[in-house]
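Below: the structure, in structure tokens.
Note that ligands are numbered from 1 as they come in the structure, with each ligand's atoms numbered from 1 the same way. All of these numbers come straight from a predicted model, not from anything done at the bench.
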Amino acid sequence: MAKKTPTQRSVKWFGREDIYGFIYRSWVKNRGVPQDQFDGRPVIGICNTYSELTPCNTHFRVIAEHVRAGVLEAGGFPLEFPVMSLGETLLRPTAMLYRNLASMDVEESIRGNPLDGVVLLVGCDKTTPSLLMGAASVDLPAIAVSGGPMLSGKYRGTDIGSGTNVWSMSEDLRAGKITMDEFHEAESCMHRSHGHCMTMGTASTMASMVEALGVGMPGNAAIPAVDARRNVLARAAGRRIVQMVKENLSLSKILTKKAFENAIRVNAAIGGSTNAVIHLIAIARRIGVDLKLRDWDRCGRGVHTLVNLMPSGKYLMEDFYYAGGLPAVIRELGEARLLHKDALTVNGQTIWANNKDAPCWNRDVVHSFSRPFKKNTGIAVLHGNLCPDGAIIKPSAATPKLMKHRGRAVVFENIEDLHKRIDDPGLDIDEKCVMVLKNCGPKGYPGMAEVGNMPLPPKILKKGITDMVRISDARMSGTAYGTVVLHVAPEAAAGGALALVENGDLIELDVAQRRLQLLVSPAILRSRRKRWKAPKPPLARGYWKLYFDHVLQASEGADLDFLVGGSGPIVPRDNH
Ligand code: FES
């Protein structure tokens, strides 16, 4: 019999010599598993988010097979299982509405089954945080394996990036600069291989967070989905998780405050998605780490963007991998004393041991810290009477001259109001105005959709202006850009000051001072508040109702209040 370790929950299923042992083993044998697999070897779950409804994860059956091979090679017993998969492009009203639901699926699937460790197959945006949140609440040994980015988009001799060029081409279409035929042609050119978005959008950011947090194998972030080395990484993860069970190396030993601080700095250095702010806070709170919005500002200050990738720059993830990938970035941060070098990672080494000798092959893609791509670009956390619990802006994607700006508010009450009026030539707006969008936060949308990067009115675009200050309680796609203030908390639907903004109010943004002020007197705001009515839940039953009643604000990770924390790897009662 293989040597059992303290975390081996599976023995309480498969090691039994009674009727329950018969039940637990016998049904597993129905696909040809021999008795000798129940000798106490680590049982490894392969948590798969394969779904044809999640186009970014449709190669995950292949990745799962490579993980399985690795587990078997290391003497483990692999058992693959599906969980709810969240596809960013098809799922409505927004995949974020279901992140917490999927995390519950992951948590209960792991805890309720005879698993000693788990490999999490993650890819499209929300599949990464949902699986990490669920696994964190169980706290078994776990490794996340990202599916990898698509190959670079190629359109008429130029590189085009997921999302980023969708926004720019849709603006070009609205401004009459390209035809509908060209628009259709670009659709086929943009997404031409398996994998997730190949800009530094949310999926690539979260894959980088996996590596920076230490919950993924070195190199996890950037290997293209269709590169054979992605499968090698999956196989290595399969081998390693078996050892992690034997070492009792559970997630809480990896996901420490230091690991999160490293990840925040890496996010700044890669020009990463603002969505990482919400997801990392939510993951941290599941594992008992006290990560706050202010930690993002504190740790991100003084960090430069080193990576010249869309949407902040011009290259794509394939270029990033060939230039050295995330290890080259982590090395730069370490040499600049911006890394907790002793943070432990899943391969049993510290993050510094993994990355200290990482080469860089192209300094136009990965800049050095001494000659950065953009300076001081960590995510800025704003406060003021418009966002008493905070709001964020991504300086690397913003227009420098708009970072200090005072303008007249043009208010859209919800997303339908925006769509109805934005193309109206009679809309009273100019480029100095501040666009304000309400009721798109966690409760308001519901699910906090990625609509914060509001399209500009055609009459502004036709002047050749491509950016304005925009403010909302929504999120923004990691592939988007602009001087966009996001995640205003409390949101309008929760009675935040955003709900009280009216057309013509003056708003002042000062990113250097971290201020966002609504220049309206307290007395007027009090009288407006008396007239404000709280919205009703969009659906009065089911998950939407549960979500509406329990979702926390963006500043707290937008988790459901009763999911914060974990219940550990307890073994539930027998099922018969
Ligand atoms: Fe899946 Fe962008 S749509 S990662």
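Taking 4.0 Å as the cut-off between side-chain N and carboxylate O, D159 and K314 do not count as a salt-bridged pair.
No donor-acceptor pair under 3.5 Å is formed between the side chain of S396 and the backbone N or O of T377.
Pairs of residues two or more places apart, or lying in two chains, that qualify as side-chain hydrogen bond (donor to acceptor under 3.5 Å, both in side chains) and include a residue from residues 118-134 are E88-K126.
Qualifying side-chain hydrogen bond (donor to acceptor under 3.5 Å, both in side chains) partners for S109, counting only residues two or more places apart in sequence or in other chains: D105. In this structure, P82 has no side chain to side chain contact (heavy atoms under 4.5 Å, CB included) partners at least two apart in sequence or on a different chain.
At a cut-off of 2.8 Å, measuring from atom 1 (Fe) of ligand 1, the protein N, O or S atoms that fall short of it are C56 SG, C124 SG, waters left aside.
The closest side-chain donor-acceptor pair between T179 and D181, if any, does not fall under 3.5 angstrom.
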